[in-house]
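Working notes, structure below.
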Amino acid sequence: RTSMKINIISSDLALPAVEPFVKAYNDKSLGVFLQLQESGILNVTSNVSIGEVGTGTADIGVSDRLPSPDEMGKYPDLVAQKLGTSGVVVIVNDGTSGPRNFTNNDLKGLYNSTGALKAYQMSGSFGTQEAFLQYIGMTSIDSSITAVTSSAGMLDAVKNTQNSIGFIEFGYVNSQDKLGNVYIAGLYNNENTGIIYTSPSYSNFTQAATSSDVNNSYYPLELAHPLYFVTRGNPSLADSFIKWARSSEGQDIIEKNGYISYMREFS
């Protein structure tokens with residue numbers, strides 16, 4: 001479509017936000033075409049995303065962490081700019097208003113079809129599901145668990161099914177009018193510490209995402225991820241896209257796709 005092309009690669013967790021970004025920007029027909037790279041590597045991680053930018057294979061990487069000291073040592077001109085925050089929560093419809101608290105093992109049992117609640121998973125390569133699996137210590141979910149096709153589909157499925165459970169980006173359920181008859185479950189930090197995370201919030205997600213402590217008192221580290229654009233320096237074409245993505249227009253797309261805008265004031 002144009003000789004001015006930007007290659008972008010995203011980690012799995014951020015991909016549901018990046019895809020609508022790419023489409024919206026290309027639809028503007030600004031003379032620059034964003035090409036979302038299709039990687040032959042399954043479950044693209046931030047390591048891959050940052051590495052491809054460092055080696056020049058991609059112009060922009062989307063990562064759920066900052067470049068490490070080792071990566072900065074290899075590629076000292078890497079620049080990271082915050083895109084938003086991803087927070088994953090567990091939602092339940094069991095005829096109560098909550099709270100109900102789950103351990104990792106409780107959730108693992110439900111997703112092995114050994115619990116009293118009907119569990120839902122997401123079909124396709126969703127970063128939300130990858131984060132949830134990491135949290136409960138599983139690598140995949142059996143095909144016998146009913147799959148939905150999106151975060152919106154997940155919310156509808158749990159809302160419409162008595163005694164059911166699912167997981168979703170917090171942006172989809174951050175107010176009571178979105179939750180309806182569903183509530184956000186509390187999560188035990190782990191069975192040893194006894195810490196229970198009962199108050200998911202923008203502030204807690206952000207505090208957890210910037211913490212390196214898996215036993216932090218804010219929220220499970222695996223379920224709270226900052227998202228960053230990573231480039232080598234600030235190349236003009238890539239920088240124009242990133243400025244748009246970080247503008248009010250771009251951040252509206254972030255929140256419509258279940259992520260938390262970096263522009264929000266945390267409280």
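Small disclaimer: the values here were computed from a predicted structure and weren't measured.
Residues that satisfy the side-chain hydrogen bond (donor to acceptor under 3.5 Å, both in side chains) test with Q121, not counting sequence neighbours, are Q129. Taking the side-chain hydrogen bond (donor to acceptor under 3.5 Å, both in side chains) definition, one finds that S144 meets it with D142, sequence neighbours left out. For the side-chain hydrogen bond (donor to acceptor under 3.5 Å, both in side chains) test, residues two or more places apart in sequence or in another chain that qualify with D252 are K256. Checked against ring pair (Phe, Tyr, Trp, His ring centres under 6.0 Å), Y25 has the following partners two or more places apart in sequence or in another chain: F241, W244. Evaluation of the ring pair (Phe, Tyr, Trp, His ring centres under 6.0 Å) rule for Y111 yields F132, F167 as partners, not counting sequence neighbours.
None of V88, L187, V90, L221 except one satisfies the side chain to side chain contact (heavy atoms under 4.5 Å, CB included) rule with Y135; the exception is L187.
Using a 4.5 Å cut-off on side-chain heavy atoms (C-beta onward), L227 and Y262 make no contact. You'll find the side chain of I8 stays beyond 4.5 Å of the side chain of F21, heavy atoms only. Taking the side chain as every heavy atom from C-beta outward, I141 and L133 approach each other to under 4.5 Å.
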Requested in this report: Report the C-alpha separation of T231 and I242 in whole Å, then their side-chain angles, then the decisive distance to 0.1 Å, and conclude whether the side chain to side chain contact (heavy atoms under 4.5 Å, CB included) test is met.
Outcome: CA-CA 10 Å; T231 57; I242 291 172; 3.7 Å; yes

Requested in this report: Test D70 against K74 for salt bridge (charged side-chain N to carboxylate O under 4.0 Å, His left out), laying out the working first.
Outcome: CA-CA 6 Å; D70 284 346; K74 290 180 183 177; over 6 Å; no

Query - side chain to side chain contact (heavy atoms under 4.5 Å, CB included) between M122 and S151, worked out - result: CA-CA 8 Å; M122 290 185 176; S151 291; 3.4 Å; yes

Query raised in the report: Which is it for V89 and F205 under the side chain to side chain contact (heavy atoms under 4.5 Å, CB included) test, yes or no, and what are the steps along the way?
Result: CA-CA 10 Å; V89 295; F205 289 140; 3.7 Å; yes

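The salt bridge (charged side-chain N to carboxylate O under 4.0 Å, His left out) analysis of residues 229-241, with sequence neighbours excluded, yields the pairs D77-R232, D239-K243.
N216 and A208 make their closest contact through OD1-CB, 3.9 Å (heavy atoms, listed as atom of the first residue, atom of the second, distance).
For the residue pair D64 / S46, a side-chain donor-acceptor distance below 3.5 Å is found, with atom types taken as modelled.
Interatomic distance, CG of N93 versus CG of N163, reported as 7.0 Å (0.5 Å rounding).
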